Amino acid sequence: MEAQKPNPAQPAKANANNKSNVAGIKNAFFVILACFVVALCLFIFWFGHESHFEEGHPIDLWGTIYKGGFIVPILQTLFLTVIVLSVERWIALSSAKGKGSIEKFVSGVKKCLAAGNIQGAMDLCKGQKGSVAAVVAAALVSYQEMDKNTVLTKEQKVANLQKTVEEATALEMPALQQNLPIVATLTTLGTLVGLLGTVMGMIKSFQALAASGAPDSTELSTGISEALINTAFGIATGAFAVISYNFYTNKIDNLTYAIDEIGYSIVQTFTATH
């Protein structure tokens with residue numbers, strides 16, 4: 001019986017079955033649901049508490065927020081969701097970065113590659129941990145396997161090494177970007193919901209002004225409060241979401257650049273030495 005030839009794609013497939021090294025919340029729906037419950041409890045039991053009102057009129061900021069109407073807990077839900085997901089992404093990207101400086105890690109691996117010290121580079125990966133180290137470790141394992149392989153041609157070895165780097169990177173990238181599309185959506189959604197509350201508040205104000213006889217001052221003040229409170233929450237939600245999204249996108253770009261740089265170095269080192 002003919003002996004079975006080694007499959008060059010086997011190391012890459014084995015790595016693709018591993019889990020990502022990025023910690024994080026996998027299902028943001030439960031985050032949104034929990035934030036809605038918290039926002040609703042705040043709206044009913046704190047902002048709407050009788051201690052914040054006197055004869056039906058708000059006497060402090062909390063009572064004024066309550067006058068913003070039913071749009072307020074929706075906006076609070078969006079705002080709390082942005083805060084929670086931002087904290088979640090901070091924790092996730094911190095785990096993806098690893099224990100030490102990415103720049104020092106990349107520089108150290110390059111020095112090991114230049115000296116032909118593959119084991120030293122793998123030891124650096126074990127100490128660094130995180131997504132970048134996971135991709136580099138997978139590439140180095142493939143490097144050693146291709147180095148010992150006597151069946152494949154040099155071009156096939158290089159192609160297999162590149163495939164390993166690409167598949168290891170593809171395994172980590174979705175986990176890095178997880179939940180950021182929701183934050184990006186909230187940049188616009190928060191502003192639009194705030195605008196909806198503003199328009200509804202202005203409608204109430206104009207209805208009070210259009211009343212026959214003297215305008216209803218209570219309805220007028222309620223409408224203005226609703227408009228301004230919803231505007232404030234909408235702007236705050238949109239602004240915080242934009243800042244959070246751009247900040248974490250930049251951090252992911254830096255991690256991606258480090259992965260691409262060191263992956264290219266590994267492939268080029270193999271090409272130059274074989």
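If you're wondering where the values come from, they're calculated on a predicted model, not measured in any experiment.
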- Fit a plane to each ring of Phe47 and Trp62, take the angle between them on a 0 to 90° scale, and name the class: parallel (under 30°), tilted (30 to 60°) or perpendicular (over 60°). parallel
- Just wondering, are more than 12 heavy atoms of other shown residues or ligands nearer than 6.0 Å to OH in Tyr245? no
- Would you check if there is a donor-acceptor pair between the side chains of Asp123 and Gln119 at a distance under 3.5 Å? yes
- Query: So, does Lys157 use its side chain to make a donor-acceptor pair with the main chain of Asn149 at under 3.5 Å?
  - Reply: yes
- Message: Please check this pair: side chain of Thr269 against backbone of Ser265, looking for a donor-acceptor N/O pair closer than 3.5 Å.
- Response: yes
- Item | Polar side-chain atom of Thr187 near backbone of Ala184 as donor-acceptor pair, under 3.5 Å | yes
- Message: If I compare all heavy atoms of Ala138 with all of Ala168, which pair ends up nearest, and what's the gap?
- Response: CB-CB, 4.0 Å
- Message: Side chains of Phe70 and Met200, heavy atoms from C-beta outward: is any pair under 4.5 Å?
- Response: yes
- Query: Above 12 or not: heavy atoms from other molecules or residues under 6.0 Å from CZ of Phe36?
  - Reply: no
- Message: I need the minimum non-hydrogen distance between Pro174 and Leu171, along with the two atoms involved.
- Response: CD-O, 3.8 Å
- Message: Ring centres under 6.0 Å, that's the criterion: do Tyr66 and Phe43 meet it?
- Response: yes
- Query: Below 4.5 Å, heavy atoms only, C-beta onward: do Phe53 and Ile59 meet side chain to side chain?
  - Reply: no
- Query: Within the distance-only criterion (no hydrogens, no angle test), does the side chain of Gln128 pair as donor or acceptor with the backbone N or O of Gly100 below 3.5 angstrom?
  - Reply: yes
- Message: Is it the case that the side chain of Ser205 and the backbone of Ile224 share a donor-acceptor pair, with hydrogens and angles ignored and the cut-off at 3.5 Å?
- Response: yes
- Item | Non-hydrogen side-chain atoms of Lys154 and Thr271 separated by less than 4.5 Å | yes
- Message: Restricting to non-hydrogen atoms, name the atom on Lys97 and the atom on Leu255 that form the minimum distance, rounded to 0.1 Å.
- Response: CA-CD2, 4.1 Å
- Message: Tell me the closest heavy-atom pair linking Cys112 and Gly120, and the distance in Å.
- Response: SG-C, 3.8 Å
- Name the one of Thr81, Leu85, Asn246 that satisfies side chain to side chain contact (heavy atoms under 4.5 Å, CB included) with Val183? Leu85
- Task: Determine the interplanar angle of the Trp90 and Tyr248 rings, folded into 0 to 90°, and report it as parallel if under 30°, tilted if 30 to 60°, perpendicular if over 60°.
- Result: perpendicular
- Query: Do Val158 and Gln162 have side chains that get closer than 4.5 Å, going by heavy atoms?
  - Reply: yes
- Message: Is the shortest side-chain heavy-atom distance between Leu113 and Gln268 below 4.5 Å?
- Response: no
- Work out which heavy atom in Ala139 is nearest to a heavy atom in Ile266; give both atom names and the distance. CB-CD1, 3.7 Å
- Message: Keeping Asn230 on the side-chain end and Gly201 on the backbone end, is there a donor-acceptor pair under 3.5 Å?
- Response: no
- Query: Judged by atom type as modelled, is there a donor-acceptor pair below 3.5 Å linking the side chain of Thr237 to the main-chain atoms of Gly190?
  - Reply: no
- Message: Between Val38 and Phe79, is there shared hydrophobic-cluster membership here, with clusters defined by ILVMFWY side-chain heavy atoms closer than 4.5 Å?
- Response: yes
- Message: For a 4.5 angstrom cut-off between non-hydrogen side-chain atoms, does Lys110 reach Glu261?
- Response: yes
- Hydrophobic cluster membership, Ile65 vs Phe45, 4.5 Å side-chain cutoff: yes
- Message: Hydrophobic cluster membership, with links at side-chain heavy-atom distances under 4.5 Å among I/L/V/M/F/W/Y: are Leu61 and Ile44 in one?
- Response: yes
- Looking only at heavy atoms, which two atoms of Tyr143 and Leu161 are closest? And how far apart? N-CD1, 3.7 Å
